[in-house]
**Q** 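Below is a structure I'd like to ask you about.
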Protein chains: 2
Amino acid sequence: MSRKPTMEDVKNLAGVSISTVSRVINGTRKVSPDKTEAVNKAIEKLGYKPNELARSLVMKRSNTLGIILDDIGYGYMAQYLRGIDEIGKMYKYDILLYSTFGDFEIQKKAVDFLSSKQVEGIIVISEKINSEILYLIREHEIPYIILDQFYSPEEFKTITIDYKQAMYDMTKYIIDNNHKKIAYVRERSSSYSAESKETGYQECVDDFNLESWVFNTPENSIEAGYNFLEKNIKKFRDYNITAIVADSDALAIGMLHYFYDNNISIPEEFSITGFGNTEISELFKPSLSSVRMPYYDIGAIAVRMLVKILRESEEFEKSINLKHEIMERETVRKLKK
Amino acid sequence: MSRKPTMEDVKNLAGVSISTVSRVINGTRKVSPDKTEAVNKAIEKLGYKPNELARSLVMKRSNTLGIILDDIGYGYMAQYLRGIDEIGKMYKYDILLYSTFGDFEIQKKAVDFLSSKQVEGIIVISEKINSEILYLIREHEIPYIILDQFYSPEEFKTITIDYKQAMYDMTKYIIDNNHKKIAYVRERSSSYSAESKETGYQECVDDFNLESWVFNTPENSIEAGYNFLEKNIKKFRDYNITAIVADSDALAIGMLHYFYDNNISIPEEFSITGFGNTEISELFKPSLSSVRMPYYDIGAIAVRMLVKILRESEEFEKSINLKHEIMERETVRKLKK
DNA sequence: TTGAAAGCGATACCAT
DNA sequence: ATGGTATCGCTTTCAA
């Protein structure tokens, strides 16, 4: 059980000073070829690996980014993390994760934890983060970026998509397929993204002067979508609604489950769309038309921005909008004119 | 831009020695009530938080566990991580993740990285890890546990399920539904888990003396399942096969896609089962009967074991088998006797 | 009970 | 180009 070799060991074996060892490792200064070789040989022989903890301590740079997120299990989280991870590695930053399950107390803990781990920056990914948390991060004087859909991009700088335009485009896609009577189904909540999406929908149906109904569900989940239709399918039929625009994939999948269980063929009897382009939207049959959020890119850019702030101590001046994409799949039927 | 407060600052404000501050924080020794209060007040006032890096350096304990995984995006990975995260927090261990995409060179890097970050233990989660990586971890003298399905539980200690028994049970479930002609579809590969599963299947159909066919696909994916049926559906019909046991959910979902696209009703025309109980198996319609792997528990127990090894420098003596569960859902039809 | 000082494993400044 | 040494923020031994 031999102790891990340190620079001290390398120094002794190579017969040089400890400073020289450091120089060889970091290439910070010129070192004569023979000493360089001696050091490298010693390193090789000992299997020496620098202790990053000690290095971070003296350099006051942990090379670590902290991520505060609700739950790693959310389908899109992995995509965010891939983007963050990949670009993070590119800039030699490591990622420290902290799951909070959306709990305020745990979120506070997360900030303290990451701070004590000396992370250089923090990315907050949450469906709804209490603004107090953001102030707490500020107190710690750690640069941060939030990836959130609750506040407006003016209020808190973020990287996002143009929700209004995205839902406008989705609605337009429905209309282009000649649907005249459309229902919009959303969770009853007042997040910025939810409001924007509804506005986009509304503007589009107004622009085309179509009949439209807006419905609320108590929450955003598959069950909520299912229960919603159970209660309202009759209305849909009475109103001759032919297309349903859901504000999330979960709601849409819930409705598809209802349709399946009740032998209602999709898209023959109803067309339906989701939002988010989660994995299930692609794998479900019929596959669900949805709006793709560029999660990977959002994560990637978040890191880029953070690194920029860190390196150049610039401010994050304005929110960035990335492009969304309408994924046309099997749940939308083209009606005759 | 005030520097983060250190113990030095606390010491000055509280008018005690730095050792006393340390004692108050860690409760390592008795400190008089008045000094204790003075220190606590100073800490409060300054908003002091210990620098974990410095602490780890001197204590030679990073309180960190490293996880080497293929890709955070795999559906089941989140479940593993939840178990790891939760139990890790319980024991005050933090988690450092490293995605390798199954690449050997990156895996080597991961080990070096985690080692330099002074992680106390490593959990490797991979579909197929090169044994060289394990030797590398050993060289670093870091205790580790692998969660892998490639090697036998005798060869490398792990936490797993009894694959053979699981597939036996799944086959039995099919047989209990009176299916007499069954097909087994698996990826052509020779991992331990794949072999065990096939053995379990085989033993079961043999025990009941049933007609059975085993098929191979070039890989384990949704596409492979789809393409497989495209080529073989005729045989299935010719042989009057009524049930398909797939060795993974992915293969089964691929086949379900094929059935959907070709208007073959499930489970009326064919019964089919998967393995893994991935999220999609539950959300798909018809929902897929599958074998549940207790991912969360596997992750949780892995941490427990690792902590035990760390604390008591015990060895990890033998692999642990957790219970699987047959999830009976909509893709299996009960035939008349 | 308390404080002074050594040391954890590195970097970087200041000499030489 | 090279070496000696202070320092990073903390814990812990050793005296007092």
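Numbered from 1 within each chain, the chains take letters A, B, ... in sequence-line order.
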**Q** Is the distance from OP1 or OP2 of C:dG9 to the nearest side-chain N or O of A:T6 less than 4.0 Å?
**A**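 For C:dG9, OP1/OP2 do not have a side-chain N/O of A:T6 under 4.0 Å.
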**Q** Side chains of B:E127 and B:Y74: is there a donor and an acceptor less than 3.5 Å apart?
**A**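 Distance-only check fails for B:E127 and B:Y74.
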**Q** Just the rounded figure in Å: distance from C1' of D:dG9 to CG of B:D9.
**A**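 These atoms are roughly 11 Å apart.
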**Q** Given atom NZ of A:K11 and atom P of D:dG3, what is their separation to the nearest angstrom?
**A**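 Value for this atom pair: 10 Å.
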**Q** Quickly work out the B:R61 CZ to C:dG7 P distance and round it to whole Å.
**A**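 Whole-Å distance recorded here is 23 Å.
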**Q** Does a side-chain N or O of A:S22 approach OP1 or OP2 of C:dT11 to a distance below 4.0 Å, or not?
**A**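 So the side-chain polar atoms of A:S22 do come within 4.0 Å of the phosphate oxygens OP1 or OP2 of C:dT11, strictly under.
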**Q** Under 3.5 Å, is there a donor-acceptor pair between the side chain of A:Y151 and the main chain of A:S131?
**A**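 Answer holds: yes.
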**Q** To the nearest angstrom, how far is B:Q118 atom CD from C:dA10 atom P?
**A**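 After rounding, the reported distance stands at 8 Å.
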**Q** Distance-only, no hydrogens or angles: does the A:T36 side chain make a donor-acceptor pair with backbone N or O of A:V31 under 3.5 Å?
**A**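 Pair found, side chain donor or acceptor close to backbone of A:V31.
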**Q** State, without any angle test, whether A:D71 and A:S99 hold a side-chain donor-acceptor pair at a distance under 3.5 Å.
**A**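 No, A:S99 and A:D71 have no side-chain donor paired with an acceptor closer than 3.5 Å.
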**Q** Of the nucleotides C:dA12, C:dT11, D:dG9, which has the atom closest to the A:T28 side chain?
**A**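 The answer is C:dA12, which lies nearest to the side chain.
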**Q** Determine whether the side chains of A:Q149 and A:Y163 contain a donor N or O and an acceptor N or O closer than 3.5 Å.
**A**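 A:Y163 and A:Q149 do have a side-chain donor-acceptor pair below 3.5 Å.
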**Q** Can you check whether B:T6's main-chain N or O pairs, donor with acceptor, with B:D9's side chain at less than 3.5 Å?
**A**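 Between the backbone of B:T6 and the side chain of B:D9 there is a qualifying donor-acceptor contact (under 3.5 Å).
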**Q** Show me the protein contacts with nucleotides 13-16 of chain C, counting only N or O atoms at under 3.5 Å.
**A**
{"unit_1": "C:dC13", "atom_1": "N4", "unit_2": "A:R23", "atom_2": "NH2", "d": "3.3"}

**Q** Once you round it to whole Å, what is the distance between P of D:dT7 and CE of B:M7?
**A**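 For the pair B:M7 CE and D:dT7 P, the rounded distance is 18 Å.
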**Q** Could you state the atom-to-atom distance from CG of A:L57 to P of D:dA6 in whole Å?
**A**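 About 17 Å, once rounded to whole Å.
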**Q** Let's see if you can work this out: which of C:dG7, D:dT2, C:dG9 has an atom nearest to the side-chain heavy atoms of B:V58?
**A**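 Selected nucleotide: C:dG7.
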**Q** Among the candidates D:dT11, D:dG3, D:dC8, find the nucleotide nearest to the side-chain atoms of B:R55.
**A**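 For B:R55, the side-chain atoms sit closest to D:dT11.
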**Q** Is it true that B:E317 and B:K157 have a side-chain N and a carboxylate O under 4.0 angstrom from each other?
**A**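 Looking at B:E317 and B:K157, the cut-off is not met.
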**Q** Under 4.0 Å from OP1 or OP2 of C:dG9: is there any side-chain N or O of B:K60 that close?
**A**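 Yes, within the criterion.
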**Q** At less than 4.0 Å, is any side-chain N or O atom of B:N51 found next to OP1 or OP2 of D:dC8? Yes or no.
**A**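 No, no such contact exists.
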**Q** Is B:T20 touching bases, backbone alone, or none of the nucleic acid, heavy atoms closer than 4.0 Å?
**A**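 Sugar-phosphate: the residue B:T20, judged by heavy atoms under 4.0 Å, touches backbone atoms but no base.
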**Q** Any idea which of C:dT2, C:dA12, C:dC8 is nearest the A:M59 side chain?
**A**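 Looking only at heavy atoms from C-beta outward on A:M59, the closest nucleotide is C:dA12.
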**Q** Let me know the distance between NZ of A:K35 and C1' of D:dA1, rounded to the nearest Å.
**A**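 In whole Å, D:dA1 C1' lies 8 Å from A:K35 NZ.
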**Q** Can you tell me which nucleotide in D:dG9, C:dT2, D:dT5 comes closest to the side chain of A:I18?
**A**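 In terms of side-chain proximity for A:I18, the closest of D:dG9, C:dT2, D:dT5 is D:dT5.
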**Q** Could you give the CG-to-P distance, from A:L53 to D:dT11, as a whole number of Å?
**A**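 Rounding to the nearest Å, CG of A:L53 and P of D:dT11 are 13 Å apart.
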**Q** By nearest atom, which of the nucleotides D:dT2, C:dC8, D:dC10 is closest to the B:P50 side chain?
**A**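 Of the candidates, D:dC10 comes closest.
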**Q** Hey, would you say the B:Y80 and B:Y295 ring centroids sit under 6.0 Å apart?
**A**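 Distance test on ring centres: under 6.0 Å, yes.
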